[in-house]
Amino acid sequence: MTSRTVTVTDNTTGKRIEMPVREGTHGPPVVEIKDLYKEFGYFTYDAGFTSTASCRSDITFIDGENGILLYRGYPIEQLAEHSSFLEVSYLLLHGELPTREELDAFNQAVTEHTMINESLKEFFDGFHYDAHPMAMLTGVVASLSAFYHDAINLGDPGNRMLTCHRVLAKMPTIAAAAYKHMMGEPFVYPLNRLYHTENLLNMLFSRPTEPYEINPIHARALDQLLILHADHEQNASAATVRLTSSTGTNPFASIASGCAALWGPAHGGANEAVLNMLHEIGDVSQVPRYLEKAKDKDDPFRLMGFGHRVYKNFDPRAKVMKQSADEVLELLGVENNPTLQVAKELEKQALADPYFTDKKLFPNVDFYSGIILEAMGFPTAMFTPIFAVSRTIGWISQWKEMITDPQLKIGRPRQLYQGVTLRDYTDIETR
Ligand code: SDX
């Protein structure tokens with residue numbers, strides 16, 4: 001069978017080039033353009049990578065038109081309903097759902113790395129009380145690279161897996177430590193007898209002064225939220241981790257670059273921005289005024305939690321999260337939560353407004369997650385650190401996939417130069 005190609009013709013020179021097409025198991029085929037410059041003298045240009053595949057991957061597939069999200073082929077809805085975050089972490093990392101023995105071994109391997117070096121705790125003392133927890137998280141995660149020099153030995157499979165276990169295990173401890181520092185409360189050590197998500201809740205909310213009972217509603221809702229945020233193909237933070245890691249740098253430093261990218265309000269910082277927006281709107285009567293602000297090109301206000309680069313239909317995670325928000329708030333007896341009422345009215349009116357539906361602006365994963373976290377007692381500044389605790393498994397799974405790819409090359413994009421052309425230096429006295 002002849003291999004599929006695409007022909008590009010330069011209509012000024014008449015020169016033609018055949019470029020090979022590569023097929024995926026899901027999703028659109030890709031045109032392999034690596035020889036375009038060598039044979040045709042052209043770069044391609046795609047600011048923001050709206051239609052550029054930067055890598056090949058077996059981990060996560062998104063169909064933006066049909067609202068489909070698969071982790072290693074399993075639909076996110078099924079995983080959110082039946083699985084656990086640790087089991088999903090095993091799936092993303094290893095490619096298959098674990099047997100009971102494999103899951104128990106994985107749980108043990110992660111649990112034994114939940115502590116951070118005692119001297120890392122002192123790093124938090126250097127931050128002021130009002131430091132944003134994402135600033136603390138990003139800084140401390142990067143500092144892990146100062147403690148694990150063996151992580152640079154990327155050729156050793158045992159070291160690679162140890163690094164995966166370490167960063168998955170320590171992210172909750174670091175996120176909780178940032179929260180405790182922000183609250184001025186004592187740091188809480190991880191307890192190995194607790195399951196991953198319950199350990200996170202205990203490190204966040206327990207205090208030496210009284211017993212802390214883990215609320216099973218909180219534990220299940222948080223575990224499901226971690227499943228929904230675990231990976232999302234080449235989102236900005238995962239792409240950042242890949243580009244950083246392509247230089248062979250310490251993987252903890254790469255994960256810190258992912259934290260930095262996630263923090264932005266256009267990405268993982270949107271969940272915090274959604275709650276701030278809902279609080280600013282304050283009441284359902286103000287929803288029409290804010291929808292008009294979002295439509296006004298001269299107004300920088302955007303509907304946070306709406307729109308997505310890939311989902312041009314609904315975000316399947318938002319659907320699950322909306323149902324979970326209803327259930328959790330009802331179970332917690334706060335179903336009349338004014339923030340939830342504003343969110344539902346905002347969604348209802350936006351989805352009835354052609355401005356938003358014509359631009360394919362639907363609620364994304366961040367629109368409802370903050371409402372659940374707020375109802376569970378999280379301050380808005382902690383929403384993105386919780387997103388980072390989840391996305392860590394996506395980042396490190398993609399790091400492992402990339403670092404073991406025989407075709408690994410350092411990422412080095414080119415550019416369209418439109419600056420000043422050639423000119424000579426002039427002496428300062430003559431300028
Ligand atoms: C996440 O990539 C991922 O997979 C990310 C993520 C993951 O799991 O990793 O899914 C997590 O980051 C979700 C997105 C969270 N961000 C927000 O909720 C912030 C609000 N949304 C927008 O900033 C925006 O929709 C983006 C950043 C999400 C997507 O931006 P795009 O794809 O670059 O789209 P765009 O900015 O070109 O917008 C297209 C049009 C523009 O209008 P025109 O210039 O065509 O007239 O839609 C408008 C925009 O002005 N628009 C919005 C809007 N989002 C886009 N108008 C009002 N409110 C919005 N939220």
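Indexing begins at 1, ligand by ligand and atom by atom, following the structure's order. All values below come from the heavy atoms of this structure, side chains included, with hydrogens, waters and symmetry mates left out.
Protein heavy atoms all stay at least 4.0 Å away from atom 30 (O) of ligand 1. For atom 5 (C) of ligand 1, a protein heavy-atom neighbour is present inside the 4.0 Å cut-off.
Across every non-hydrogen atom of C259 and W395, the tightest pair is N-CH2, 3.6 Å. What you find for G258 and T240 is that their closest heavy atoms are N-CG2, 4.4 Å.
Between E292 and K295, at least one side-chain nitrogen of the basic residue sits less than 4.0 Å from a carboxylate oxygen of the acidic one, meeting the salt-bridge criterion. With respect to the salt-bridge test (charged N to carboxylate O, under 4.0 angstrom), the residues K293 and D296 do not qualify.
Under the ring-ring contact (aromatic ring centres under 6.0 Å, His included) test applied with Y179, the options F378, F205, F124, F187 reduce to a single match, F205.
By the criterion of a heavy-atom distance under 4.0 Å, the side chain of R317, and not its backbone, is placed next to ligand 1. Heavy atoms from both the backbone and the side chain of H308 come within less than 4.0 Å of ligand 1. The backbone of P265, and not its side chain, has at least one atom closer than 4.0 Å to an atom of ligand 1 (non-hydrogen atoms only; backbone = N, CA, C, O).
Nearest protein heavy-atom neighbour of atom 14 (C) of ligand 1: N364 ND2, 3.5 Å. Counting only heavy atoms of the protein, atom 50 (O) of ligand 1 lies nearest to R302 NH2, 2.9 Å.
Taking a 4.0 Å cut-off on heavy atoms, K295 fails to register as neighbouring ligand 1. The closest approach between a heavy atom of V310 and any atom of ligand 1 is not below 4.0 Å.
Short contacts between ligand 1 and M304, defined as distances under 4.0 Å to a heavy atom of the residue, involve ligand atoms 18 (O), 19 (C). Near A266, the atoms of ligand 1 lying under 4.0 angstrom from a non-hydrogen atom of the residue are 12 (O), 14 (C), 15 (C), 16 (N), 27 (C).
Counting only non-hydrogen atoms, the option in L262, D358, T60, L303 that gets closest to atom 58 (N) of ligand 1 is L303.
Side-chain atoms of V88 and I393, non-hydrogen and from C-beta on, never get closer than 4.5 Å to each other.
Side chains of S84 and E87: a donor-acceptor N/O pair is absent below 3.5 angstrom, by distance only.
Aromatic ring centroids of F43 and Y45 lie 6.0 Å or more apart.
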